[in-house]
There are 2 protein chains.
Amino acid sequence: MAASVKQGRLRGKFMDEIGRKGRPGASSTPLRAARIQDVARLADVSTATVSRALATPDRVSPEARARVLEAIAQTGYVPNPAARTLRSQKTFMVLVVLPDLANTFFSKILRGIEETLFDAGYGMIISDLDGSPEKEAHFAAYTAAGRVDGAILLNGHLFGQSRDGKGTPAKINIPLVALCEAIPNAGIPQIEIDNRAAARQMTRYLASLGHARIAYVSGPAENVLEHERFQGYRDGLLAAGLSFDPELVLSGDFTLESGVRAGQELVARAERPTAVFCTSDEMAIGAVRTLRSAGLRVPEDISVAGFDDIEFAAAAQPALTTIHQPRRELGQAAATVLIDLLQGRETEKRIRLKTELVVRDSVAPPRA
Amino acid sequence: MAASVKQGRLRGKFMDEIGRKGRPGASSTPLRAARIQDVARLADVSTATVSRALATPDRVSPEARARVLEAIAQTGYVPNPAARTLRSQKTFMVLVVLPDLANTFFSKILRGIEETLFDAGYGMIISDLDGSPEKEAHFAAYTAAGRVDGAILLNGHLFGQSRDGKGTPAKINIPLVALCEAIPNAGIPQIEIDNRAAARQMTRYLASLGHARIAYVSGPAENVLEHERFQGYRDGLLAAGLSFDPELVLSGDFTLESGVRAGQELVARAERPTAVFCTSDEMAIGAVRTLRSAGLRVPEDISVAGFDDIEFAAAAQPALTTIHQPRRELGQAAATVLIDLLQGRETEKRIRLKTELVVRDSVAPPRA
DNA sequence: TGCCCTGATGTAATCGATTACATTTACTTT
DNA sequence: AAAGTAAATGTAATCGATTACATCAGGGCA
């Protein structure tokens, strides 16, 4: 072995071999990226040792390790991900499935996911389903083909299933995690907020200020979040000793436009509620806008509360009283759970992060 | 070491499955995904023919092709991306580099990118630089390692370079496209709006209403967009016959908070401008908020204009007069150019999409 | 001394596709 | 009929890593 170490000393020569493609002079740029072979030759070890020096450093002698690292630095070697994946069946990639990438609600969640994945050495592939079944089929095939090690679902249903659980879910044999919109009966970990408790809290808060007629602007009827929030609304009324009045439930779909429509309907009413609880900030902003342009003052004439605490909730006029969702933390938690699953650790089946009632200016006691 | 024991279990099972190759009965769930070999055997052709039937269908006889497709349907075969990439050196993945994923300005752009890439069969990997040099180095290595075929840069500089062009750009030998923030002298295609012309248009519009003292709230000093918009502001003043007054330039950084600060400074001034042109909607919203809470009416006492036309520009109170950026189209254009590059087609070196002056309620003629 | 064990390393099979090159067949052309 | 050409297909090398298995040196122990 002493001999070969000595040989290692004269290894300057091998540098030439790497890019020998008959190109001119002292071009410092190797046309081909360095492979593990090149590193092995330079460090005078086998490719197996190079691989081990990176994956399991303590199974390689300190001297060999040092030579390998030196050779890696010299060649600028970076392992080829395709080759690595082909052999080891690990991609170090995670798929994030979104119903709508343009929805600003998701951006901070995405950031939470991204940073956590990054720190664990994983990359993030994004799929924006955009309500398209073809895209969904495509991404189902994606996961099946082993392009990712796991997935985080923000869309409220499994591949091949509709939101209400109808249809046969595609057979996906990689770890999944549901984020924000829970997927009932899917047997996968859920990361979410306690929507019911949060809606209850807001309703009770409104009641505590003296509001007796509290309207509710709903999300889409089939939405899981909507169900929970509606339950919370009713819980809150009950707890405050108020009776539930179906007349006070307006249907929306979380969008600003549906908030505008709800506002119009309220304006048109003879007997108006004194407070409106919208289950999304966008709807609240739309409602406020409509109520104000009809000459009503918010909160003096009517209080409006939102849900989510999106970026512009604080900047809105008046600043919105709402339920704060820890979006970044939600993303981080989902990514953490998924990584745990990927690395074979135990995980919690359900994580509920705390929301917070944020009191700003759009809610006040009703006029006496 | 429970983990390794568990692994041993799994492995054993795994081996059994493989072992029973000529498997009996109607086991419906193949534990291993079908490989090209399985399809070839079933269709009674070679793997080469299967590969060709998918990649170049017209080089395969109709009969063979039909048998192959049938076999693929039966087995549920999906080509293994890692194997394909390893051999062909194509990943069908594109990296999108963002300065800040949580910034809502990017979400609609991302959607434009995603949908275009998807239609062309490419996937999207997102990197949120978050101002971190380590992340940048990591993603530079990423591209170098051949994990993606190309990249779209929204961060205004090349890997390894700072925004002002200092530093040695990392040697990246895949196609790149700069989106929104141009990268000067990088020799890569740029997709952007004409910031200068847009700022000029807004400034002239304000002047045309009779405003003579038009303040300007800037973006970060080192930002390319800021330079162009500032030029446009001065162009506009000149074209309207107004003189430039450095006193009217307030420095911001595109954030809502900096708009608030600018608003405070304006409120404190004895001689106030009659209009304020903020070079981002967020700053405009922040400024409006501050001005109003100081008792000034917008637009009656002071007009405020924005730039970008983000989601909430229309919902703000008052609705913001601003410059509309076609964000989705910007994303689409960038993705289209990149795909053209990837497929060896000629592309334009510079694409400038049209902006639009959107007149809403935050700007009005000055009081007489 | 002889045997076994451990740690370090090397050899080569393997992952699953693509594709250069070889081969076969059928059909034209002279 | 011989030769040339084109179309269809097959054979096997190849991409670049990981890793099962083999090998070997040196140390501990009976």
Side-chain angles (χ1 to χ4, degrees), chain A residues 1-5 7-8 18 30-41 43-68 71-72 75-92 144-147, chain B residues 4 7-8 11-12 14-15 18 30-41 43-68 71-72 75-92 144-147:
Chain A
M1 234 13 196
S4 60
V5 169
Q7 259 176 5
I18 294 179
L31 279 185
R32 285 178 75 84
R35 295 154 308 162
I36 197 171
Q37 278 278 0
D38 304 317
V39 174
R41 205 167 344 180
D44 196 27
V45 294
S46 71
T47 60
T49 299
V50 175
S51 182
R52 284 190 282 249
L54 291 170
T56 51
D58 43 319
R59 304 204 62 76
V60 170
S61 69
E63 304 82 48
R65 199 188 316 151
R67 288 209 310 282
V68 167
I72 287 175
T75 53
Y77 167 74
V78 179
N80 180 306
R84 181 186 287 223
T85 296
L86 179 58
R87 177 64 224 242
S88 66
Q89 309 288 10
K90 293 201 180 311
T91 63
F92 285 94
R147 209 182 263 267
Chain B
S4 63
Q7 228 177 21
R11 177 163 301 290
F14 185 65
M15 287 313 210
I18 295 183
L31 276 188
R32 281 179 77 85
R35 294 154 308 161
I36 197 171
Q37 278 278 1
D38 304 321
V39 174
R41 205 166 342 179
D44 197 25
V45 294
S46 72
T47 60
T49 300
V50 175
S51 182
R52 283 189 282 251
L54 291 170
T56 53
D58 44 318
R59 302 204 61 78
V60 170
S61 70
E63 305 81 47
R65 201 188 314 152
R67 289 209 309 281
V68 168
I72 286 175
T75 53
Y77 167 73
V78 179
N80 180 307
R84 181 185 284 218
T85 296
L86 179 57
R87 178 64 225 242
S88 66
Q89 308 288 10
K90 292 196 183 314
T91 61
F92 284 95
R147 208 183 263 263

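Chain letters run A, B, ... following the sequence lines, proteins first and then strands; every chain starts at 1.
Of the possible polar contacts, none joining the B:Ser51 side chain to the B:Thr47 backbone as a donor-acceptor pair under 3.5 Å is found.
Take B:Ala145 and apply the side chain to side chain contact (heavy atoms under 4.5 Å, CB included) test, not counting sequence neighbours, and it matches A:Val78, A:Pro81. Considering only residues two or more places apart in sequence or on other chains, B:Thr85 meets the side chain to side chain contact (heavy atoms under 4.5 Å, CB included) condition with A:Ala82, B:Thr91.
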What one-letter contact string describes nucleotides 22-27 of chain D from 5' to 3', where B marks a base within less than 4.0 Å of any protein heavy atom, S marks contact via sugar-phosphate atoms alone, and - marks no contact?
------
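Taking CZ of B:Arg52 as the start and OG of B:Ser46 as the end, the distance is 6.0 Å to the nearest 0.5 Å. Between the CG atom in B:Asn80 and the CZ atom in B:Arg87 there is a gap of 15.0 Å [rounded to 0.5 Å]. Interatomic distance, OG1 of B:Thr49 versus CZ of B:Arg59, reported as 11.5 Å (0.5 Å rounding).
Rounded to whole Å, the distance from CG on B:Asn80 to P on D:dC15 is 18 Å. The distance between atom CG of A:Leu54 and atom P of D:dG16, rounded to the nearest whole Å, is 17 Å. C:dA17 atom P lies 8 Å from atom CZ of B:Arg35, rounded to whole Å. Taking atom CD of residue A:Gln37 and atom C1' of nucleotide D:dT18, one finds them 13 Å apart after rounding to whole Å.
Rounded to 10 degrees, the angle separating the terminal axes of the helix from C:dT1-D:dA30 to C:dT30-D:dA1 is 50°, with each axis obtained from five end pairs.
Contacts of residues 81-90 of chain A with DNA chain C (heavy atom under 4.0 Å): A:Leu86, A:Arg87, A:Gln89.
Here the closest non-hydrogen pair linking A:Thr75 and A:Ala34 is CB-CB, 3.7 Å. Between A:Val60 and A:Ala53, the shortest heavy-atom contact is CG2-N, 3.7 Å. Minimum heavy-atom separation, B:Ala43 to B:Arg67: O-NE, 2.8 Å. Taking every heavy atom of both residues into account, B:Ile36 and B:Tyr77 meet most closely at N-CE1, 3.4 Å.
The phosphate of D:dA17 (OP1 or OP2) has a side-chain N or O of A:Tyr77 nearer than 4.0 angstrom.
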Polar atoms only, N or O, under 3.5 Å: list the protein pairs with nucleotides 5-12 of chain D and their distances.
unit_1, atom_1, unit_2, atom_2, d
D:dT9, OP1, B:Ser61, OG, 2.8
D:dT9, OP2, B:Ser61, N, 2.8
D:dT9, OP2, B:Ser61, OG, 3.1
D:dG10, OP2, B:Ser46, N, 2.7
D:dG10, OP2, B:Ser46, OG, 2.9
D:dG10, OP2, B:Thr49, OG1, 2.7
D:dG10, N7, B:Arg52, NH2, 2.8
D:dG10, O6, B:Arg52, NH1, 3.2

